[in-house]
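Report on one structure; see the data block that follows.
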2 protein chains.
Amino acid sequence: MSLPLHERIRRDIETAILSGELQPGARLPVEHELMHQYACARMTVSKALSALASVGLIDRRKRAGSFVARPKVHSMVLDIPDLEQEIQQRGQMYGYRLVRRQVRLPDHNAADETALAGKGKLLLLKGVHIADDVPLAVEARLVSLSAVPEIEALTLEGTSPGAWLLKHVPWTEAETRIAAVAADQDTANHLLVEAGAPCLFVERRTWRGDEGITLVRQHFIGSGYDLIARFGSSRRDTDS
Amino acid sequence: MSLPLHERIRRDIETAILSGELQPGARLPVEHELMHQYACARMTVSKALSALASVGLIDRRKRAGSFVARPKVHSMVLDIPDLEQEIQQRGQMYGYRLVRRQVRLPDHNAADETALAGKGKLLLLKGVHIADDVPLAVEARLVSLSAVPEIEALTLEGTSPGAWLLKHVPWTEAETRIAAVAADQDTANHLLVEAGAPCLFVERRTWRGDEGITLVRQHFIGSGYDLIARFGSSRRDTDS
DNA sequence: TTGTCAATAATGTATAGACATAATTGACCG
DNA sequence: CGGTCAATTATGTCTATACATTATTGACAA
């Protein structure tokens with residue numbers, strides 16, 4: 001047994017929770033008690049509890065103690081692939097074809113657009129992600145020009161604007177919505193499928209603090225793409 | 001400024017990384033340096049770095065220092081909703097209708113099934129999740145009876161087996177795959193849609209250690225369901 | 001030049017204690 | 001009976017220190 005003590009404590013409690021031995025809402029031993037149980041310092045216990053709290057397995061309340069959280073939702077870690085890299089790893093050639101580029105003011109009827117740009121201008125970029133000449137996804141992206149003025153001067157013909165943004169623009173928060181939709185006629189044309197074909201729809205907004213940066217909607221060809229989410233010890237070790 | 005110091009350090013570095021100020025692969029200041037910068041103890045710096053390492057934003061190597069991780073993929077936290085609760089929160093009535101129940105040995109041609117149960121028996125449960133009489137998803141679940149023998153004796157007619165498993169069976173790891181597919185005829189019949197309609201396909205496997213527990217495949221009616229993933233300060237505060 | 005081995009520099013884990021903060025409890029007083 | 005305030009108890013943060021672990025560096029010898 002070589003694993004650190006705080007990790008052992010963490011696991012013991014995690015196991016007890018996941019196994020139902022500790023019911024949601026149950027109070028778990030106070031730090032001093034665990035301290036005696038494991039014959040260690042309070043910091044060590046605290047480290048274990050902090051880790052559990054940070055993944056939402058327990059709630060800690062001053063004066064009251066720590067409690068098993070009501071597992072309203074389970075959270076897992078979702079890996080969002082970098083398309084270009086992912087495709088190249090499969091040994092295919094990645095490409096991006098720009099279909100449309102437009103600068104305009106946000107549509108006042110579209111809450112999305114005003115929320116993103118306020119009264120500033122928007123850059124609309126529409127394009128197709130391609131793997132070995134086969135279209136994989138269509139992407140419609142809005143970029144707030146007040147947040148990213150530099151982008152207006154660029155000619156983003158063959159490179160994905162997402163990749164450029166990722167490298168050049170600071171962001172602190174992001175939200176992704178995932179759904180399944182039927183391809184509309186336009187999308188279907190770009191993806192070379194029939195209208196109505198199932199697409200994985202991914203919509204992502206990113207912010208820097210309160211300021212909106214970009215809003216992107218991607219339609220992945222149904223058969224071409226999966227997303228993976230994990231919980232547990234499976235580590236992010238794809239090195240070499 | 002009321003936020004803890006270790007949190008401030010964490011954010012400063014996180015921001016520097018996300019903004020590209022610290023490029024992937026870049027070495028960041030060693031702990032003693034940060035210690036001086038922030039005029040604090042090493043433990044405080046270490047706590048900040050540990051947090052960053054645990055979400056995969058940096059790699060820490062002894063003797064060498066800490067480095068910004070190559071962001072092969074971005075990871076976000078995906079909330080996996082508890083269907084029953086989610087539906088009830090919308091003010092709808094939740095129901096589960098069992099369609100089929102069968103105990104059998106794993107199919108040797110299906111790698112999934114043997115991986116799950118080895119040579120033990122499997123319980124197959126097929127059913128429909130219903131919100132206010134409207135079918136929302138069909139679910140086909142395999143449960144390893146060697147891992148969960150108790151379940152064979154239960155009559156799971158009106159309750160979701162997922163909910164029961166969640167409450168009674170310990171698990172430590174899970175993996176979820178998300179895709180968009182067209183409904184096959186059988187699925188379409190259950191969901192009261194036409195064959196070929198887009199469905200959000202969710203496949204989840206759970207384990208306790210190395211032992212497989214259950215494998216579930218859910219087809220959500222396309223218009224009815226979204227998944228949400230977040231990165232950043234948006235906290236899990238759905239209390240009350 | 002090459003191999004070995006010890007010094008070294010960095011993180012990893014842990015201790016013991018201090019003070020801060022927050023919420024509950026209970027005593028006291030109107 | 002009800003309200004206020006202080007004591008208590010638990011977590012939250014932080015310091016300062018110690019020793020463990022591990023990979024690199026560099027010196028020295030073959």
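In what follows, every chain begins at residue 1, and chains take the letters A, B, ... in the order their sequences are listed.
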Taking the side chain as every heavy atom from C-beta outward, state whether B:Ile178 and A:Leu200 have any pair of such atoms under 4.5 Å apart.
-> yes
- Item | pair B:Glu152-B:Leu123: side-chain heavy atoms closer than 4.5 Å | no
What donor-acceptor contacts under 3.5 angstrom involve side-chain atoms of residues 36-45 of chain B, with partners at least two apart or in another chain?
unit_1: B:His36; atom_1: ND1; unit_2: B:His32; atom_2: O; d: 3.1
unit_1: B:Tyr38; atom_1: OH; unit_2: B:Asp12; atom_2: OD2; d: 2.6
unit_1: B:Arg42; atom_1: NE; unit_2: B:Glu31; atom_2: OE1; d: 2.6
unit_1: B:Arg42; atom_1: NH2; unit_2: B:Glu31; atom_2: OE1; d: 3.4

note: B:Arg10, atom CZ; D:dC14, atom P; distance rounded to Å ~ 13 Å
For B:Thr159, the side chain to side chain contact (heavy atoms under 4.5 Å, CB included) test, sequence neighbours excluded, returns B:Leu156
What contact category does B:His32 fall into here, base, sugar-phosphate, or nothing, at under 4.0 angstrom with non-hydrogen atoms? nothing
| query | Are any side-chain N or O atoms of A:Asp59 and backbone N or O atoms of A:Ala69, one a donor and one an acceptor, separated by less than 3.5 Å? | reply | no
Sorted by chain and number, sequence neighbours left out, side chain to side chain donor-acceptor pair (under 3.5 Å) with A:Tyr94 holds for A:His129
Q. A:Leu5 near the nucleic acid: base, sugar-phosphate alone, or nothing, with a heavy-atom cut-off under 4.0 Å?
A. sugar-phosphate
Check nucleotides 3-9 of chain D for protein N or O atoms closer than 3.5 Å to its own N or O atoms and list the pairs.
unit_1: D:dT8; atom_1: O2; unit_2: A:Arg63; atom_2: NH1; d: 2.7

OG of A:Ser160 to CD1 of A:Ile130, rounded to nearest 0.5 Å, is 11.5 Å
For residues 15-29 of chain B, the salt bridge (charged side-chain N to carboxylate O under 4.0 Å, His left out) pairs (sequence neighbours left out) are none
Sorted by chain and number, sequence neighbours left out, side chain to side chain donor-acceptor pair (under 3.5 Å) with A:Ser144 holds for A:Ser146
Scanning both residues in full, the closest heavy-atom pair of A:Ala163 with A:Glu84 reads CB-OE1, 4.4 Å
Those residues at least two apart in sequence (or on a different chain) that pass side chain to side chain donor-acceptor pair (under 3.5 Å) with A:Glu7 are A:Arg10, A:Arg11
In whole angstroms, the gap separating C1' of D:dT11 from CZ of A:Phe67 amounts to 11 Å
Taken to the nearest whole Å, CD1/B:Ile9 to P/D:dT13 is 13 Å
Rounded to whole Å, CG of A:Leu52 lies from P of D:dT11 at a distance of 13 Å
Footprint ends on DNA chain C, 5' to 3', for atoms under 4.0 angstrom from a heavy atom of chain B, come out as C:dT8 to C:dA14
Sequence neighbours excluded, the answer for salt bridge (charged side-chain N to carboxylate O under 4.0 Å, His left out) partners of B:Asp112 is B:Arg205, B:Arg217
Students should find that the end-to-end axis angle of the helix from C:dT11-D:dA20 to C:dG30-D:dC1, with five pairs defining each axis and rounding to 10 degrees, is 0°
Contact check, residues 33-47 of chain A vs DNA chain D, heavy-atom distance under 4.0 Å, returns A:Arg42, A:Met43
Contacts of A:Thr214 meeting side chain to side chain donor-acceptor pair (under 3.5 Å) (sequence neighbours excluded), chain-then-number -> A:Arg141
